[in-house]
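Source: prediction; values computed, not measured.
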Amino acid sequence: MTAERHRTENQESPADQEGGCAMSRGLLSLGEQLRYLVQDRALSATTMRVPKHSHIYNCGERDGNIYLVESGQVRTVSLSRDGKRCLLSVYTEGDVFGELCILRENRIETATAMTPVALRRIPKTRLLEAVAEAGLQGAFIRHLTGRLSEQQQIITTLVTMDSEQRLATILLRLARKLGKRQGEYLCIVERISQEELAWMVGTTRSRVGYFLKRFHDAGFVRRTRESYLLVHEELLTGYVQKLM
């Protein structure tokens, strides 16, 4: 076989390359696939830069957009009638949030930038069109199913565990989502206050402080000089698994 023929037979056609690209993209998350569509200009989106502590949208506002996080961290919080706060979730680079606008445009939660944030704001009608045109229905269903599963786990934790156990579960989830590996520990580089943890756990700030001290004494967590929280993943995972 000549060298020329060898190159010809082993060279991928444009169709093969496109198919391979499509297959590889099929394994990506919804956020990653939406980012590709935006970059390829197959999906129109507005770029937003939101300062730290600023609101992206507020509870009760009409907002028909879905958001893709390009950088930074966003939290969503709901308020009860008596003014109590519940931290629903934290979103980071590549995450999609605000999907409930597909069912209703009036927001039932407030989204706030935890750090300086860069977002892509996508009108829900344009996103649904792009999902159909690009064949992303499966990725969209997986995304929504994953979000539903996450919320069910949160509800189960709130109902079946006491406050200390809920805090352990929440710390482990936050560490895996936001943490950066430092040996045996995951370092949560964003400062999450005890008040914010109390919102998630459904208890008081003082109780969270008490539980954190117990976790520190057990070696589950510790603080850096910069007051970042270090979570010992293996030890805390073992503690949480014993509760299940």
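- In this structure R121 satisfies the salt bridge (Lys or Arg N to Asp or Glu O under 4.0 Å) test with no other residue, sequence neighbours excluded.
- E233 is linked by a salt bridge (Lys or Arg N to Asp or Glu O under 4.0 Å) to R176, R181, counting only residues two or more places apart in sequence or in another chain.
- Taking all atoms of both residues into account, the shortest heavy-atom contact from D95 to V90 is OD2-O, 4.3 Å.
- Y57 is linked by a ring pair (Phe, Tyr, Trp, His ring centres under 6.0 Å) to Y67, counting only residues two or more places apart in sequence or in another chain.
- Taking CG from L172 and OG1 from T237, the interatomic distance works out to 4.0 Å, rounded to the nearest 0.5 Å.
- Listed for the Q33 side chain is a donor-acceptor partner under 3.5 Å among the backbone atoms of L28.
- Other residues, nucleotides and ligands place no more than 12 heavy atoms under 6.0 Å from the CZ atom of R49.
- Considering every non-hydrogen atom in both G64 and C101, the closest pair reads C-SG, 3.8 Å.
- Annotation for F97 and I66: closest pair O-CG2, 3.6 Å, computed over non-hydrogen atoms.
- For the pair A132 and Q137, the tightest heavy-atom approach, listed with the atom from each and the gap, is CA-NE2, 3.7 Å.
- Residues V221 and V189 do not share a hydrophobic cluster, clusters being chains of Ile/Leu/Val/Met/Phe/Trp/Tyr side chains in contact below 4.5 Å.
- V77 and I170 fall within a single hydrophobic cluster, where Ile, Leu, Val, Met, Phe, Trp and Tyr are joined by side-chain heavy atoms under 4.5 Å apart, directly or via other members.
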| message | Quick one, E226 with T224, criterion side-chain hydrogen bond (donor to acceptor under 3.5 Å, both in side chains). Give me CA distance, side-chain angles, the key distance, then yes/no. | response | CA-CA 5 Å; E226 300 83 7; T224 67; 3.1 Å; yes
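- Other residues, nucleotides and ligands place more than 12 heavy atoms under 6.0 Å from the CD atom of Q39.
- Here the closest non-hydrogen pair linking L236 and A168 is CD2-O, 3.7 Å.
- With hydrogens and angles disregarded, no donor-acceptor distance shorter than 3.5 Å links the side chain of D217 to the backbone of R214.
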Side chains of residues 112-120: which donor-acceptor pairs under 3.5 Å do they make with residues two or more places apart or in other chains?
from : atom 1 : to  : atom 2 : distance (Å)
T115 : OG1    : Q73 : N      : 3.0
R120 : NE     : E70 : OE2    : 3.2
R120 : NH1    : T47 : OG1    : 3.0

List the atom pairs, with distances to 0.1 Å, where a side-chain N or O of residues 199-211 and a protein N or O form a donor-acceptor pair under 3.5 Å, not counting sequence neighbours.
from : atom 1 : to   : atom 2 : distance (Å)
T204 : OG1    : S206 : OG     : 3.2
T204 : OG1    : R207 : N      : 3.2

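- Across all non-hydrogen atoms, the minimal contact from Y185 to G219 is OH-O, 4.1 Å.
- Interatomic distance, CD1 of I102 versus CG of L144, reported as 6.5 Å (0.5 Å rounding).
- How far CD of E32 is from CD of E93: 9.5 Å, rounded to the nearest 0.5 Å.
- Pairs engaging residues 144-157 under the salt bridge (charged side-chain N to carboxylate O under 4.0 Å, His left out) rule: E99-R147, R147-E150 [sequence neighbours left out].
- When only modelled atom types and interatomic distance are considered, R166 and S163 share a side-chain donor-acceptor pair under 3.5 Å.
- Judged purely by atom type and a 3.5 angstrom limit, T169 uses its side chain to pair as donor or acceptor with the backbone of Q165.
- Remark: the backbone N or O of C59 is paired with a side-chain donor or acceptor of T110 at under 3.5 angstrom.
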